[in-house]
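Proteins get letters first, then strands, A, B, ... in listed order; numbering begins at 1 in each.
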Number of protein chains: 2
Amino acid sequence: MKDVKARTVFVPPHRERGVVDARIAEAGLRPTAQRSVVYGVLLDHAKEHPTADEIFIQAKTEKPEISMATVYNCLDALVKHHLVKQVHLERAATRYCPNMDEHAHFLCETCGEVWDFEGAAKPRTSGFRVPSGFTVTQTEVNMRGVCPACAEQEVAR
Amino acid sequence: MKDVKARTVFVPPHRERGVVDARIAEAGLRPTAQRSVVYGVLLDHAKEHPTADEIFIQAKTEKPEISMATVYNCLDALVKHHLVKQVHLERAATRYCPNMDEHAHFLCETCGEVWDFEGAAKPRTSGFRVPSGFTVTQTEVNMRGVCPACAEQEVAR
DNA sequence: AATCTGAATTAGAATAATTCTAAATGTTAT
DNA sequence: ATAACATTTAGAATTATTCTAATTCAGATT
């Protein structure tokens, strides 16, 4: 039987008992209750690219004592340990993204939602000249435009 | 004599009398004294990708009565009329960029400075799959790494 | 098991960037 | 000159985030 093609779409792991903690531990972080909740919420809502605030509200339903400061602390720790990325497409609340596969972000200028476009930047062919002396460690691609749902609404008018 | 190669590096226009105003007018904006000062300052400091605050400080030397709110108003107007772009590489003060040629931004993670890398994104070859139904109007490429000056300091240690 | 130690969490205060508000001023069309 | 509208202004308000200091927690050590 042939091998299945490499998966290019990010699928967040199920939040089975221990899976989230294991990932946190693998990243070299102590899996505290709060970190598990925060990371778990983020994995569950990866598509929405939630803000700290949105994560806080959701986390509270699982752990009512959690504080906003802790959500920020946990997110910072997750970012430092490469489990999560910050997304800044506009000057608005930072959004968080647990998809660490290389991908581009798309911001719908009509509804403000953010989408992941899978793929990988090819520095050689991307069309930009990196002057000598510069070391590029990360390339981020952000697109803007109109998502299918908003395009439809536009037509209806 | 052969033609000189097309210039790919953004050269801000000199701030000769009227040039800045003419650009503002061409963009469909009334060239008020404040707008001229704000746009002029930004053109003079294009390399630095200044924040509203930095523009305000500099604008004050030319027009002491100008207020912060006006700097924001002017910048908003310039952005709306496609004379200026906002740059958001991190959650920090918005930076402004009067280089409307297509280019990438590079953020030095050591010193925090932002640089322009000339070139143009080639959506076809850039390596990302745009799902059908999405309309992309703008593609922005941001790189991170170490600039030559900071790389040198690193070595010295 | 009790104790120590450093890490993590907490509530609330502080900060920073930006937006809002309402009044004053300036500009353009009549 | 006047009306109508746009722009500017100072300062208040808002928002996201960071800071602070006290408390709690987890794991290691007695």
Inset, instruction - Would you kindly give the CG-to-P distance between B:N73 and C:dT19, to the nearest whole Å? - result: 10 Å

Legend entry - Donor-acceptor under 3.5 Å (A:E62 side chain, A:A59 main chain): no

Inset, instruction - Would you indicate what B:D53 reaches in the nucleic acid, counting non-hydrogen atoms under 4.0 angstrom: base, sugar-phosphate, or nothing? - result: nothing

Legend entry - Stretch residues 57-72 of chain A: residues that reach within less than 4.0 Å of DNA chain C through a heavy atom: A:E65, A:I66, A:S67, A:A69, A:T70

Inset, instruction - Indicate yes or no for a side-chain donor-acceptor contact from A:E54 to the backbone of A:T51 under 3.5 Å, with no hydrogens or angles considered. - result: yes

Legend entry - Between B:D116 and B:H49, a side-chain donor and acceptor under 3.5 Å: yes

Inset, instruction - Provide, to the nearest angstrom, the distance between the CG atom belonging to A:L29 and the C1' atom belonging to C:dA8. - result: 11 Å

Give each protein N/O atom lying under 3.5 Å from an N/O atom of nucleotides 28-30 of chain C, with the pair distance.
none

Inset, instruction - Return the value, rounded to whole Å, for the distance between atom CD1 of A:I24 and atom P of C:dA7. - result: 18 Å

Legend entry - N/O donor-acceptor pair under 3.5 Å between A:R91 side chain and B:A92 backbone: yes

Legend entry - Nearest-nucleotide pick for B:R35, side chain only, options being C:dT18, D:dT17, D:dT7: D:dT7

Inset, instruction - Would you classify B:T51 as touching base, sugar-phosphate or nothing, given that sugar-phosphate means primed atoms plus P, OP1 and OP2, and contacts are heavy atoms under 4.0 Å? - result: nothing

Inset, instruction - Would you indicate whether B:K63, at its atom NZ, is surrounded by more than 12 heavy atoms from other residues, nucleotides or ligands within a distance under 6.0 Å? - result: yes

Inset, instruction - Using only side-chain N and O atoms of A:T32, determine if any of them is under 4.0 Å from OP1 or OP2 of C:dT9. - result: yes

Inset, instruction - Give a yes/no answer on whether the side chain of B:Q34 brings an N or O atom under 4.0 Å of OP1 or OP2 in C:dG26. - result: no

Legend entry - Rounded distance in Å - CG (B:L89) to P (C:dA17): 16 Å

Legend entry - Flag, side chain of A:R35 to backbone of A:V71, donor-acceptor distance under 3.5 Å: no

Legend entry - A:R144 side chain vs A:L89 backbone, donor-acceptor pair below 3.5 Å: yes

Inset, instruction - Specify whether B:F106 and B:F117 have parallel, tilted or perpendicular ring planes, treating 30° as the upper limit for parallel and 60° as the lower limit for perpendicular. - result: parallel

Legend entry - Side chain of A:A52 - closest among D:dT17, D:dT9, C:dT18: D:dT17

Inset, instruction - Determine: side-chain N/O of B:R91 to OP1/OP2 of D:dT17, distance under 4.0 Å, yes or no. - result: yes

Inset, instruction - Anything under 30° is parallel, anything over 60° is perpendicular, the rest tilted; go ahead and classify A:F134 against B:W115. - result: perpendicular

